[in-house]
Trainee: 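This is the structure I want to talk about, given as structure tokens.
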Amino acid sequence: MIRSDRYLTGLGALILVVAASVYAAQEHAVIQKGKAFSVKRLNVKIGDSVKFVNEDPYTHNVFSLSDAKSFDLGSHGQGVSRTVSFDKAGTIEVECAVHPEMRMIVEVSK
Amino acid sequence: MTKAWSCWLLGIAACAVFASAQPVSPSTDGALLPRDSVEAAEFRGSVVFGQYCVTCHGINADGKGRAARLYNPRPANLRLSDKNDEYIGLIVRIGGAAMARSEFMPPWSAELTEEQMRDVVVYVRSINVSNTSENNR
């Protein structure tokens, strides 16, 4: 009986480890090119991060004022990337301070 | 002549007198403001400001734009700025980081034309309520 309990405990621990390794936080990449984000909408999980890569020959400045995540990645020039992680579920509208027409949505889910 | 007709004629006469007393309105042919006038630059600058600057500096240029809460220190209150035109023009052109100020003030030289940058400085000067001495010109 004791042996059986140990077996189950070990099995449970193994399942937890496997489950944790199945979903590790991911890094998504969004390119800024031609004064536009490469995607209009991006679905991510809590804990994921998004790397914004500037492939334009001029400065971008990515920011968001959304309740789920407010941030400003600052001005970044050509070839520079800035990363932000998302720790709360919600809809996040991402903008560029230099180019008001640049907008995208990051949907963060559990 | 009936009373109604009398009233009509009296009204028409009054309108004619009133119209003749009005000054001749200026011609609306062509541009009302010379392109190189300060007023035209202020107007163009206000358009640039409304599109690119209000997010941080606010529609009243008082540093209370919708994104202002992200920053510490807050965006500059341009109405009270004591900086001269040359300084403002430079920070617009090369950004805050290059002038040892906020890195969140982007360099606008790649986005705006020379005229747009000059115009926005003229507009900022026009709404400044601090000491507008000759040093600021």
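Every chain is numbered from 1, with letters handed out A, B, ... down the list of sequences.
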Trainee: Which heavy atom in Ser70(A) sits nearest to a heavy atom in Leu70(B), and how many Å separate them?
Mentor: CB-CD2, 3.6 Å

Trainee: For the CZ atom on Phe43(B), are there more than 12 heavy atoms of other groups (residues, nucleotides or ligands in this structure) within a distance under 6.0 Å?
Mentor: no

Trainee: Using non-hydrogen atoms and a 4.5 Å limit, figure out which bit of Arg69(B) sits close to chain A: side chain, backbone, both or neither.
Mentor: side chain

Trainee: Do Leu112(B) and Tyr87(B) land in one hydrophobic cluster if side-chain heavy atoms of ILVMFWY residues count as linked below 4.5 Å?
Mentor: yes

Trainee: Is Val121(B) reachable from Val54(B) through a run of I, L, V, M, F, W or Y residues, each pair having side-chain heavy atoms under 4.5 Å apart?
Mentor: yes

Trainee: Looking only at heavy atoms, which two atoms of Pro106(B) and Ser75(A) are closest? And how far apart?
Mentor: CA-OG, 3.3 Å

Trainee: Determine, using the 4.5 Å side-chain heavy-atom cutoff (strictly less than), whether Val39(A) and Val84(A) are members of one ILVMFWY cluster.
Mentor: yes

Trainee: Under a 4.5 Å heavy-atom cut-off, does chain A meet the side chain of Glu103(B), its backbone, both or neither?
Mentor: both

Trainee: With a 4.5 Å cut-off on heavy-atom pairs, point out which of Val98(A), Leu73(A), Thr59(A) contacts chain B the most.
Mentor: Val98(A)

Trainee: Hydrophobic clusters here meaning ILVMFWY residues chained together by side-chain heavy-atom distances under 4.5 Å, can you tell me if Phe37(A) and Val108(A) are in one?
Mentor: yes

Trainee: Counting only non-hydrogen atoms closer than 4.5 Å, does His99(A) touch chain B with its backbone (N, CA, C, O), its side chain (CB onward), both, or neither?
Mentor: side chain

Trainee: In this structure, are over 12 heavy atoms from other groups packed under 6.0 Å from Lys35(A) atom NZ?
Mentor: yes

Trainee: Sort Asn61(A) into side chain, backbone, both or neither according to what part of it lies under 4.5 angstrom from a heavy atom of chain B.
Mentor: side chain

Trainee: Can you get from Val48(B) to Val124(B) by hopping between Ile, Leu, Val, Met, Phe, Trp and Tyr side chains that sit under 4.5 Å apart?
Mentor: yes

Trainee: Tell me the closest heavy-atom pair linking Ala97(A) and Trp108(B), and the distance in Å.
Mentor: O-CH2, 3.5 Å

Trainee: As an exercise, state the distance from SG of Cys56(B) to CG of Asp72(A), rounded to the nearest 0.5 Å.
Mentor: 7.0 Å

